[in-house]
Amino acid sequence: MGHLKICLTACFFCRFFCSRFVRPQKIFFTVFPGSFIVNSSGTGAVYCFLASHYLVKKSKGVQFREGPVTSQQPLNDQLYIMAKFIFVTGGVTSSLGKGIIAASLAKLLQARGLRVTIQKFDPYINVDPGTLNPYEHGECYVTEDGAETDLDLGHYERFLNIHTSQANNVTTGRIYQTVINKERAGDFLGKTVQVVPHITDEIKRRMLLLGADDTYDIILTEIGGTVGDIESLPFIEAVRQLQWELPEEDVMVVHLTLIPYLKAAKELKTKPTQHSVKMLSENGVHPDIIVCRTEEPLNNDIKRKIALFCNVKQEAVIEAMDAATIYEVPLLMLREKLDLICLRKMKITGYGEPNLDKWKVFLDKLKYPRSKVTVGLIGKYIELQDAYKSILESFIHAGAINEVKVQVVNVHSEFITKENVAEKLDGLDGLLVAPGFGHRGIEGKIVAVQYAREKGLPFFGICLGMQMAVIEFARNVLGLKDAHSTEMDQTTTHAVINMMEEQKKITMKGGTMRLGAYPCEIKEGSLAQHIYGETLITERHRHRYEFNDEYLTQFELNGMVASGRNPETGLVEIIEIPGHPFFIGVQYHPELKSTVERPAPLFVGFIDAAKKYNDTKGSMKTSSLKDALT
């Protein structure tokens with residue numbers, strides 16, 4: 001009883017204190033005679049400053065936990081939850097853009113001053129996308145901490161200008177692997193391990209993990225796949241359980257569907273959306289907001305019909321028209337008041353007007369460029385644009401900064417030969433040789449590099465592209481005709497690219513490469529130093545092979561220098577040719593850190609060089625025309 005009196009006194013004090021010093025949406029107190037109730041937007045634990053205790057909110061009342069507070073003190077073996085959760089699901093068909101909608105909503109909430117992150121739950125059984133063929137699932141996006149993740153995490157980082165981590169991407173494979181490992185360790189005490197509750201409990205644990213401290217106010221969770229897929233059922237069930245377990249204002253569901261337009265009938269059809277929501281509801285999950293992808297505007301009658309049959313308010317039926325660029329979507333969602341509906345549902349107050357000034361400046365430059373450059377993307381997965389998603393988005397960011405439209409011409413490296421290279425690369429202002437694995441298309445990349453080096457065409461090589469530049473230089477400048485990488489030719493007598501020592505004993509493929517952010521020390525006065533404006537940087541990596549240091553002296557004596565190296569291992573990170581207008585190759589992946597607000601410096605420098613090359617070509621044509629006329 002003594003503790004209760006102290007706590008009640010503290011609550012009255014904190015009510016006064018928090019109303020002046022704590023954001024209104026974070027904590028507020030209500031005290032009734034003879035008892036007390038603590039309300040918190042984050043739920044979980046509210047710290048009572050005077051009593052030095054946590055007041056723990058439960059779904060049915062309040063528990064007062066006696067004793068000193070310890071960090072993340074467990075309640076019924078569960079984590080304290082200090083954030084609110086928005087789940088984004090999809091229906092009717094895949095590839096509707098759940099990731100873009102989630103990122104756009106998160107951007108709007110962030111612009112209003114809330115701390116936001118996004119996580120992606122993928123239903124496939126691979127432990128991570130690291131071993132997936134790019135044709136299967138697009139590019140593999142690597143985070144700062146070295147996690148190989150879904151490409152949607154790239155959208156999250158580009159929109160929010162934050163770093164994600166391993167915790168932001170979870171697959172069915174990782175869930176099952178964790179549960180099976182626990183079973184083998186005897187953690188379930190001999191019980192029968194089942195999808196419910198053991199698999200769904202692990203899914204929920206990971207869904208709530210990022211909300212276990214006070215880092216974020218809101219966590220958005222994108223559920224991969226389409227409602228009705230057998231693979232995604234455990235994730236939908238986990239969401240259903242969380243809707244029941246957490247306070248009503250702490251969880252909401254946004255469902256993205258398609259409203260097809262039948263040209264023959266000149267009519268929008270809502271039936272696919274009705275069936276999608278019906279299927280979701282049959283699984284016990286009831287959406288709070290329905291976002292409708294559409295080619296034609298939705299009138300009020302259509303919205304009213306969807307609201308009636310899908311059991312949501314009419315204002316919660318959101319029109320998502322096709323946009324010219326994904327970077328317009330946040331503004332379209334702002335116009336539809338998607339963020340405001342979410343804030344009201346979650347009972348969050350005290351937010352400001354969205355600050356999107358930088359975003360609008362970027363969009364203005366993107367939509368109204370002053371000139372155009374044409375860049376060749378040399379790769380072997382060009383049939384699927386998602387295979388090079390981060391590179392293409394980096395071109396957009398760099399183009400906006402340089403106020404030019406970057407037209408990307410895809411050139412399949414498998415079909416480039418010495419005989420046709422001039423024809424295939426004609427008219428380009430710059431050449432980027434993309435990353436990849438395996439021997440297919442390698443010789444075409446080497447031929448393209450030679451063309452760029454000899455013609456003075458701005459060149460940029462990333463990872464494998466940098467290695468191809470090294471091989472080309474070794475063959476055609478150093479005279480080492482059979483120079484190669486041991487990845488493609490283990491019998492070569494001049495392995496200018498070799499497997500890293502620590503990789504030689506590794507047999508498992510998944511998650512075993514040199515992954516994540518590593519430091520790079522840049523030479524003073526180099527092109528790289530001019531581009532970055534500093535001599536110590538960190539960039540993300542994904543590779544097993546490296547430049548062979550035994551050949552470094554030969555290279556530097558003949559004009560190719562190592563301008564960036566890892567300060568701890570000496571591994572060559574950057575190569576460049578000082579006598580060339582712009583020739584640079586990097587072992588890392590700069591495209592992975594490019595965002596709207598912080599474009600990758602190397603891409604900005606490359607597009608600037610392409611712009612100058614284009615201007616030079618234009619001047620030469622004008623001069624030639626004048627000479628012909630005179």
Side-chain angles (χ1 to χ4, degrees), residues 430-433 435 442 445-489 492-503 514 518-539 541 543-590 601-602 605-606 609:
L431 190 70
L432 186 145
V433 177
I442 290 302
K445 289 188 176 185
I446 293 172
V447 171
V449 173
Q450 182 181 2
Y451 179 88
R453 180 179 60 81
E454 294 178 348
K455 301 296 184 182
L457 182 66
F459 168 81
F460 184 15
I462 297 176
C463 198
L464 183 65
M466 171 264 204
Q467 295 174 3
M468 295 302 99
V470 169
I471 294 170
E472 187 280 324
F473 196 88
R475 289 182 183 181
N476 299 315
V477 178
L478 303 186
L480 308 176
K481 296 302 180 183
D482 71 335
H484 222 309
S485 166
T486 53
E487 180 183 2
M488 294 88 190
D489 184 2
T492 178
T493 56
H494 295 292
V496 291
I497 302 295
N498 203 3
M499 181 175 278
M500 303 168 66
E501 282 301 319
E502 61 267 30
Q503 290 285 326
R514 184 172 183 252
Y518 287 90
C520 173
E521 206 165 57
I522 300 176
K523 275 187 179 180
E524 288 276 4
S526 64
L527 174 61
Q529 193 267 331
H530 172 73
I531 289 171
Y532 279 100
E534 51 189 320
T535 56
L536 186 62
I537 61 168
T538 60
E539 292 282 7
H541 297 69
H543 65 105
R544 297 186 196 277
Y545 294 82
E546 64 175 329
F547 182 94
N548 190 340
D549 250 6
E550 294 177 9
Y551 292 89
L552 183 57
T553 302
Q554 276 183 269
F555 274 83
E556 294 198 326
L557 288 174
N558 286 274
M560 178 178 279
V561 300
S563 58
R565 307 191 73 169
N566 182 283
E568 298 171 4
T569 65
L571 182 146
V572 173
E573 299 274 15
I574 307 173
I575 58 96
E576 58 184 72
I577 300 177
H580 193 281
F582 189 98
F583 192 103
I584 194 165
V586 295
Q587 185 59 73
Y588 49 82
H589 291 260
L602 282 172
F606 176 58

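Ring-plane geometry between His543 and His541 is classed as tilted, the angle between the planes lying from 30 to 60 degrees on a 0 to 90 degree scale. Aromatic ring pairs are classed by plane angle as parallel below 30°, tilted from 30° to 60° and perpendicular above 60°; the pair Phe460 and Phe582 is perpendicular.
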Original post:
Would Asp549 and Phe547 count as a side chain to side chain contact (heavy atoms under 4.5 Å, CB included) if you check the C-alpha gap in whole Å, the side-chain angles of each, and the deciding distance to 0.1 Å?
Top reply: CA-CA 6 Å; Asp549 250 6; Phe547 182 94; 4.2 Å; yes
Original post:
Should Val572 and Met466 be marked as a side chain to side chain contact (heavy atoms under 4.5 Å, CB included) after you check the CA-CA gap, both sets of side-chain angles, and the distance that decides it?
Top reply: CA-CA 11 Å; Val572 173; Met466 171 264 204; 4.2 Å; yes
Original post:
Stepwise, does the side chain to side chain contact (heavy atoms under 4.5 Å, CB included) test hold for Met468 with Ile442?
Top reply: CA-CA 8 Å; Met468 295 302 99; Ile442 290 302; 3.5 Å; yes
**OP:** Determine, step by step, whether Glu556 and Val561 satisfy the side chain to side chain contact (heavy atoms under 4.5 Å, CB included) criterion, reporting the C-alpha distance in whole Å, the side-chain angles of both residues, the deciding distance to 0.1 Å, and the verdict.
**Re:** CA-CA 5 Å; Glu556 294 198 326; Val561 300; 4.0 Å; yes
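The minimum heavy-atom distance between His589 and Ile462, with the atom names listed, is ND1-CG2, 3.9 Å. Of all heavy-atom pairs between Leu457 and Gly430, the closest is CD1-N, 3.7 Å. Among all heavy-atom pairs drawn from Val449 and Ala469, the shortest one is CG1-CA, 3.7 Å. Minimum heavy-atom separation, Gly465 to Phe459: O-CZ, 3.9 Å. Across every non-hydrogen atom of Gln467 and Tyr545, the tightest pair is NE2-O, 3.3 Å. When every heavy atom of Phe606 is checked against every heavy atom of Pro458, the shortest pair comes out as CE1-O, 3.6 Å.
Applying the side-chain contact (heavy atoms from CB on, under 4.5 Å) test between Thr486 and each of Asn548, Ile497, Asn498, Val496 identifies Asn498 as the sole match. Checked options Glu573, Glu546, Glu539; the residue passing with Arg514 is Glu573 (criterion: salt bridge (charged side-chain N to carboxylate O under 4.0 Å, His left out)).
A side-chain N or O of Glu576 and one of Ser563 form a donor-acceptor pair less than 3.5 Å apart.
Atom CD of Glu550 has 12 or fewer neighbouring heavy atoms from other residues, nucleotides or ligands inside a 6.0 Å radius.
Not less than 6.0 angstrom separates the ring centroid of Tyr588 from the ring centroid of Tyr518.
Here the CD1-CD1 distance, from Ile531 to Ile584, works out to 4.5 Å after rounding to the nearest 0.5 Å. Taking CG of Asn566 as the start and CD1 of Ile574 as the end, the distance is 11.5 Å to the nearest 0.5 Å. Note that the CD1 atom of Ile471 and the CG atom of Asp489 stand 9.5 Å from one another [nearest 0.5 Å]. Within the model, atoms CE of Met560 and CG of Leu552 stand 11.0 Å from one another, a figure rounded to the nearest 0.5 Å. Taking CZ from Phe473 and CD from Gln554, the interatomic distance works out to 10.5 Å, rounded to the nearest 0.5 Å. Rounding to the nearest 0.5 angstrom, the gap separating the SG atom in Cys463 from the CD atom in Gln587 is 4.5 Å.
Side-chain contact check for Leu464 versus Lys445: some heavy-atom pair is nearer than 4.5 Å. Arg453 places a side-chain heavy atom less than 4.5 Å from the side chain of Phe583. At a threshold of 4.5 Å between non-hydrogen side-chain atoms, the residues Val477 and Phe555 do not count as touching.
No side-chain donor-acceptor contact under 3.5 Å links His494 to the backbone of Tyr551. Judged by distance alone, the side chain of Arg475 and the main-chain N or O of Ala483 form a donor-acceptor pair under 3.5 Å. Remark: the backbone N or O of Glu521 is not paired with any side-chain donor or acceptor of Arg565 at under 3.5 angstrom.
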